[in-house]
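Chain identifiers are assigned alphabetically (A, B, ...) following the order of the sequence lines, protein sequences preceding nucleic acid strands; residue numbering begins at 1 within each chain.
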Protein chains: 2
Amino acid sequence: MTTAARRPATLDDVARAAGVSRSTASRVLAGNGFASPTARERVRTAVNLLGYVPNPAARALVHGSGVRLLIAVAGTGPAVLDDPYVDQAVAAVARACAPHGLGVAVQWVPLGEPERLTRLTDDRGVAGLVLLNTTPALLDLVPRRLAGRAVSIGIGSATVPSVDIDNGGGTTAIVRHLYDTGRRRIAMVTGPRWLACANRSVRAYRALVHEAGLPAREVVGDFSATRGYAAAREVLRRWPDTDAIVGISDATALGVIGRLRADGVRVPDDVAVTGFDDIPLAVTVALTTASHPVRQIITAAATMVLEQRTAPETTVFPSTLVVRGSA
Amino acid sequence: MTTAARRPATLDDVARAAGVSRSTASRVLAGNGFASPTARERVRTAVNLLGYVPNPAARALVHGSGVRLLIAVAGTGPAVLDDPYVDQAVAAVARACAPHGLGVAVQWVPLGEPERLTRLTDDRGVAGLVLLNTTPALLDLVPRRLAGRAVSIGIGSATVPSVDIDNGGGTTAIVRHLYDTGRRRIAMVTGPRWLACANRSVRAYRALVHEAGLPAREVVGDFSATRGYAAAREVLRRWPDTDAIVGISDATALGVIGRLRADGVRVPDDVAVTGFDDIPLAVTVALTTASHPVRQIITAAATMVLEQRTAPETTVFPSTLVVRGSA
DNA sequence: CTGAAAGCGCTAACAC
DNA sequence: GTGTTAGCGCTTTCAG
């Protein structure tokens with residue numbers, strides 16, 4: 001480590017050290033363009049010696065490409081950003097971005113004013129866009145500039161490809177499992193109504209209970225454990241003979257279980273409870289749920305925009321039923 | 001919204017629309033420098049009209065300041081990044097960065113090769129550094145260039161200020177509560193040994209049990225629920241008469257409870273269990289824990305580096321005992 | 001108080 | 001193959 005406390009090297013330093021011109025050095029680093037093996041070699045050496053790392057700001061400036069991915073999360077209030085699911089998404093995207101020299105920012109977009117998205121994307125620092133909990137209105141507002149550099153997690157559109165979970169299939173498997181194990185009064189704690197992907201779960205639930213001639217019992221939730229905690233009581237108050245509760249998310253289910261146990265209701269003996277996603281904590285409470293590789297899904301989405309891979313309109317990840325103790 | 005699908009406005013556009021020179025426009029936006037009220041006004045109008053947002057890459061280039069904050073997480077393997085605590089940290093920092101036009105990246109730094117940090121910070125795209133789970137060796141490697149733009153969450157050093165939780169105090173309160181409620185065989189599922197801030201909790205635990213003439217019973221954990229799940233069984237195998245288990249984190253405690261319940265051990269009747277942090281899920285399982293505004297703490301750290309506030313060497317956030325059902 | 005001019009570090013034509 | 005040149009959008013002396 002003879003490298004003194006110098007300022008980080010620039011391309012000029014590298015070129016000088018290698019005895020070539022800046023352009024040649026640039027070409028070698030870009031990989032494309034021509035360069036003699038000798039030049040290539042000498043530049044490589046200089047780079048290592050100097051510990052050269054390209055300045056992403058300069059690169060972004062000349063390419064007009066931006067320096068960070070924006071994760072735009074739609075919702076009724078800034079509190080949507082408090083969701084651990086969002087945390088996970090941000091972290092996963094940040095991880096995918098790091099090797100590309102890009103950063104991540106998250107911002108909330110109010111459901112009522114989708115135009116706010118435009119203000120966010122007008123920032124040329126934005127190199128790409130990841131939409132979370134999106135609505136069709138929002139999808140339509142993605143600017144041309146970001147064509148091919150935007151992706152939605154959930155529903156997509158003709159111009160914005162999406163990466164999604166088979167919510168319907170997952171929920172169907174869960175409800176069917178409940179039915180097959182003898183449950184006949186199956187309630188559901190849903191997600192917010194405006195959220196398209198959550199609604200697919202709700203619709204699957206409705207279709208199934210309807211088909212089986214069972215009553216549909218729905219309480220609106222918001223994915224959170226806290227809401228699940230409250231919703232459980234509401235379910236049992238409205239329909240005391242309920243024998244199963246389907247949670248729209250694992251957190252919801254964990255909240256439901258917490259409340260039931262606190263109220264002396266046995267799980268799964270009296271009431272079966274299911275979740276959705278299979279978060280790490282699920283195993284510790286033996287939660288029956290549907291498993292999805294959320295991290296991978298988000299990484300896939302981030303990679304799509306980072307590598308500009310022309311993606312199919314929709315990539316659907318499967319949902320796998322995981323039967324544990326709670327149902 | 002007459003704004004056509006144009007390319008985002010540049011400072012030149014603003015200057016032209018305002019009928020002033022680029023420099024004047026720049027001065028007005030910077031806030032400092034001279035500018036007549038008239039000029040100021042006209043530039044403001046133009047900015048709003050055009051929806052102008054400065055290009056952060058250009059700005060970073062001229063200032064040599066970087067375009068993203070780096071969150072460096074020390075650990076034995078890349079799996080440290082899978083921790084929900086890290087997720088939360090990344091998301092909180094990303095949130096704080098967004099209004100500043102900065103992004104966030106996360107990278108893992110192997111415990112054995114702290115020099116890897118240097119390679120990361122040599123990237124001029126790095127505007128600031130947030131250290132997580134850091135070690136003294138790592139702290140010493142923070143380059144001069146980042147002086148005043150680095151902060152550690154946990155232990156700090158003379159050159160790197162830190163934002164920290166009063167782990168010792170929190171743990172003391174927890175163990176004392178356990179003792180006061182009659183527990184005399186108190187075990188602890190610790191964090192990894194190399195982690196200084198977790199060790200403060202362990203030391204507090206040891207001091208207290210020692211002082212009370214109780215045996216110290218420690219099983220090494222890693223903050224995860226999964227590890228807590230396994231550790232619970234180990235504790236009861238080694239010391240069957242244990243009547244309380246202190247978890248180094250809420251996730252650990254949740255894992256412990258899961259395992260105990262699965263094994264027919266009653267919580268808190270047979271064994272009391274406590275956590276640390278007070279994550280949202282804690283309330284749903286009635287976990288007794290110590291509460292810390294983690295999000296706020298991380299936001300405070302991020303703000304320190306974003307606003308270059310000359311910070312005291314260490315800012316300690318208090319820990320508050322929250323007694324719920326589990327102990 | 002304001003404008004002209006010189007770069008920040010890098011890339012991409014375009015000559016040599 | 002390689003060097004020269006002209007910017008990307010912005011800030012900041014330095015003259016007016």
Side-chain angles (χ1 to χ4, degrees), chain A residues 6-44 46-47 50-68 100-102 122-127 145, chain B residues 6-44 46-47 50-68 100-102 122-127 145:
Chain A
R6 51 8 5 178
R7 59 150 183 49
T10 76
L11 186 56
D12 258 330
D13 299 330
V14 171
R16 213 169 305 128
V20 299
S21 76
R22 230 178 25 215
S23 346
T24 304
S26 176
R27 270 183 228 116
V28 172
L29 294 177
N32 60 31
F34 304 89
S36 65
T38 345
R40 220 176 280 279
E41 180 52 28
R42 302 177 62 175
V43 171
R44 288 267 155 68
V47 164
L50 273 54
Y52 169 74
V53 183
N55 182 334
R59 213 175 255 207
L61 183 57
V62 64
H63 282 141
S65 56
V67 290
R68 61 182 195 272
H100 294 256
L102 287 178
D122 264 357
D123 184 333
R124 298 164 93 108
V126 174
R145 180 173 79 83
Chain B
R6 60 333 62 151
R7 58 152 182 49
T10 77
L11 185 57
D12 259 331
D13 298 330
V14 171
R16 213 168 304 130
V20 300
S21 75
R22 225 172 34 210
S23 342
T24 304
S26 176
R27 271 181 228 117
V28 171
L29 293 177
N32 60 31
F34 306 90
S36 64
T38 345
R40 221 176 281 280
E41 179 52 30
R42 302 176 59 175
V43 171
R44 289 268 155 67
V47 165
L50 273 54
Y52 170 74
V53 183
N55 182 333
R59 209 173 254 203
L61 182 57
V62 63
H63 282 141
S65 56
V67 290
R68 60 184 197 271
H100 293 256
L102 288 177
D122 264 359
D123 185 333
R124 298 163 93 110
V126 173
R145 181 173 78 85

Those residues at least two apart in sequence (or on a different chain) that pass salt bridge (charged side-chain N to carboxylate O under 4.0 Å, His left out) with B:Asp123 are B:Arg68
Residue set satisfying salt bridge (charged side-chain N to carboxylate O under 4.0 Å, His left out) with B:Arg42, at least two apart, ordered chain then number -> none
Please report, to 0.1 Å, the donor-acceptor pairs under 3.5 Å made by any side chain of residues 51-59 of chain B, with sequence neighbours excluded.
residue : atom : partner : partner atom : Å
B:Asn55 : OD1  : B:Ala57 : N            : 2.8
B:Asn55 : OD1  : B:Ala58 : N            : 3.4

CG of B:Leu11 to CZ of B:Arg22, rounded to nearest 0.5 Å, is 7.0 Å
Taking atom [atom2] of [N] as reference, at what distance in whole Å does atom [atom1] of [X] sit?
X       : N      : atom1 : atom2 : answer
B:Leu61 : C:dC8  : CG    : P     : 9 Å
A:Asn55 : C:dT11 : CG    : C1'   : 13 Å
B:Arg59 : C:dG9  : CZ    : P     : 18 Å

Using the 3.5 Å cut-off, write out each protein N or O paired with an N or O of nucleotides 12-16 of chain C and the distance between them.
residue : atom : partner : partner atom : Å
C:dA12  : OP1  : A:His63 : NE2          : 3.1

Indicate yes or no: at least one non-hydrogen side-chain atom of [X] is less than 4.5 angstrom from one of [Y].
X        : Y        : value
B:Val28  : B:Val20  : no
B:Val43  : B:Arg27  : no
A:Arg145 : A:Val126 : yes

Minimal heavy-atom distance between A:Gly66 and A:Leu102, with the atoms involved, is O-CD2, 3.9 Å
Axis-to-axis angle for the helix from C:dC1-D:dG16 to C:dC16-D:dG1, ends of five pairs each, to 10°, equals 40°
Outermost contacting nts on DNA chain D, any atom under 4.0 Å from chain B heavy atoms, listed 5' then 3', are D:dG9 to D:dT12
Could you tell me whether A:Ala60 contacts a base, only the sugar-phosphate backbone, or nothing, with contacts defined as non-hydrogen atoms closer than 4.0 Å?
nothing
Per nearest nucleotide of DNA chain C, the residue lying toward the 5' end, B:Thr24 or A:Leu11, is B:Thr24
